[in-house]
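Some notes on the structure that comes next.
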Protein chains: 2
Amino acid sequence: MTGSVTPPLPSSPGTPGGATELALSPVGEPPPLRADAARNRTRLLEAASQLMAGCGAAQLTMDAVAAAAGVGKGTVFRRFGDRTGLLVALLDHREQQLQAAFLTGPAPLGPDAPPLERLHAFGPALVRHERDHHELILSSRTDPLRTYDVPANRLRLTHVTMLLRQAGVAGDAELLAHTLLGSVDSVLVHHLIVERGMPLDRVLAGWHDLVTRLVTRPSSAT
Amino acid sequence: MTGSVTPPLPSSPGTPGGATELALSPVGEPPPLRADAARNRTRLLEAASQLMAGCGAAQLTMDAVAAAAGVGKGTVFRRFGDRTGLLVALLDHREQQLQAAFLTGPAPLGPDAPPLERLHAFGPALVRHERDHHELILSSRTDPLRTYDVPANRLRLTHVTMLLRQAGVAGDAELLAHTLLGSVDSVLVHHLIVERGMPLDRVLAGWHDLVTRLVTRPSSAT
DNA sequence: ACTTTAAACGGACCCCGGTCCGCTTGATTC
DNA sequence: GAATCAAGCGGACCGGGGTCCGTTTAAAGT
């Protein structure tokens, strides 16, 4: 179980400017749910997953999910904050596999391979994963800014940043990681392939090329 | 006047798979509006702009815009398709300045400077422009896929692609252009600066660094 | 077992985006 | 200037996201 989606509890409007800390992820103690709450959470995720499988994201209305799970509508919102929250939770759950693959899995994705190799392998793995779940991803992007707060995406960023550093890349590893990840962003790739008819191979070649360019030290400037 | 926002006329469901051509932008004859329609269009854009300036994007409801412009709600939808369409039209209008700057303006942005210099200048110009309009941009991103269809964004892509080619870059210019543009995407930059506290200079340095890396031929691979 | 308390629950309710369809009006033709 | 017709118009209507608040119930204390 993920347990990562900390819903925006109504008790935390707090300081608006909140510069005390990042305050976005006071991850440390996701207070355990009450028994019934946990049970309902599971039911809701299952119901949502089935509705999704059955009729696509369009049919995934909050009322429908609530009804299918046999709970009230308010409960869904209490648990997941809003529709996006529910979708993210659903997605987050499906991320586990991918995360396991690059965190602890076998080479070339896992920690046994050298950083550069892992980096090269990471792109295709991501693209494949995102293609499998693109509908869910698409519909969870209603609020563009929140994308960067999704745990899965944060994890990817840290991962790529780390790999870049380990590969001995010169320069701003964090920014470069953003750039790399952006180049295989789910929405972009979907656009390129579906709407522009670009072959998948070309996108993947782009990833490898980009990794190579970024890892290579720029020899001459203007 | 832009005149670019061709609303999805109810008469054009046509062939769904439409592989005849791109069919996305049959730009060629935006059929002229009837007098009253044109008048209302202007009124609506003005009303929207004022509401935006007055109370922010949140208050920009379709009803409010319609009321402020003194027309019916249906008219707004007929003209702009949906809320996003209205926002894009608004944004598109404000793009003119930027577009003029890099299409026909003076060096280093305009055509009088060498390609590489234009490329370096383009990033900062974009970032500045996007910061000025980030609220509008943000709220026009509800439908992530449509982003790539916005005329302004297409233009940017072609522009950067062209500059890359002119600068003699080796490799997939179109993909590289996507990558470059992605690295200064409005939402990303806003996230980095506002939520992560990254100084603007660092983002801009990232752009220059990236341009340099991409233009430089990768000397050694794995 | 009984009390207490905060969390969880449910569904009526509100708001807004988007649709629909009958009416109006600007353009064009004769 | 009258007739014709497509384009434009408007606002009632619908459905779904999100909120609110009175009620219920799991858990902790005695």
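Nothing here was measured: the structure is a model prediction, and the numbers come from that model. Below, chains carry the letters A, B, ... as their sequence lines are ordered, and counting in each starts from 1.
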For the pair [X] and [Y], find out whether any cationic side-chain nitrogen is under 4.0 Å from an anionic carboxylate oxygen.
X: Glu46(B); Y: Arg41(B); answer: no
X: Arg156(B); Y: Glu95(B); answer: yes
X: Arg43(A); Y: Asp36(A); answer: no
X: Asp185(A); Y: Arg141(A); answer: yes
X: Asp209(B); Y: Arg202(B); answer: no
X: Glu130(A); Y: Arg94(A); answer: no

Phosphate-side-chain proximity, [X] and [N], N/O vs OP1/OP2 below 4.0 Å:
X: Asn40(A); N: dC9(C); value: yes
X: Thr75(A); N: dG10(C); value: yes
X: Arg79(A); N: dC9(C); value: yes

Please produce a list of atom pairs where a protein N or O lies less than 3.5 Å from an N or O of nucleotides 12-17 of chain C.
residue	atom	partner	partner atom	Å
dG17(C)	OP2	Met62(B)	N	2.9
dG17(C)	N7	Lys73(B)	NZ	3.1

Q: Whole angstrom is fine here: how far is it from CZ in Arg41(B) over to P in dA7(D)?
A: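 Value for this atom pair: 18 Å.
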
**Q.** For atom CZ of Phe80(A) and atom P of dA8(C), their distance in whole Å
**A.**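 My rounded result for the distance is 12 Å.
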
**Q.** Parallel, tilted or perpendicular: rings of Trp207(B) and Phe122(B) (30°, 60°)
**A.**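 The arrangement is tilted - the two ring planes meet at 30° to 60°.
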
Q | Nearest heavy-atom neighbours spanning Ala69(B) and Leu44(B) | A |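 In terms of heavy atoms, the two residues are closest at CB-CD2, 3.5 Å.
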
Using atom names, set out every protein N or O paired with an N or O of nucleotides 27-30 of chain D below 3.5 Å, distance rounded to 0.1 Å.
residue	atom	partner	partner atom	Å
dA27(D)	OP1	Ala35(A)	N	3.0

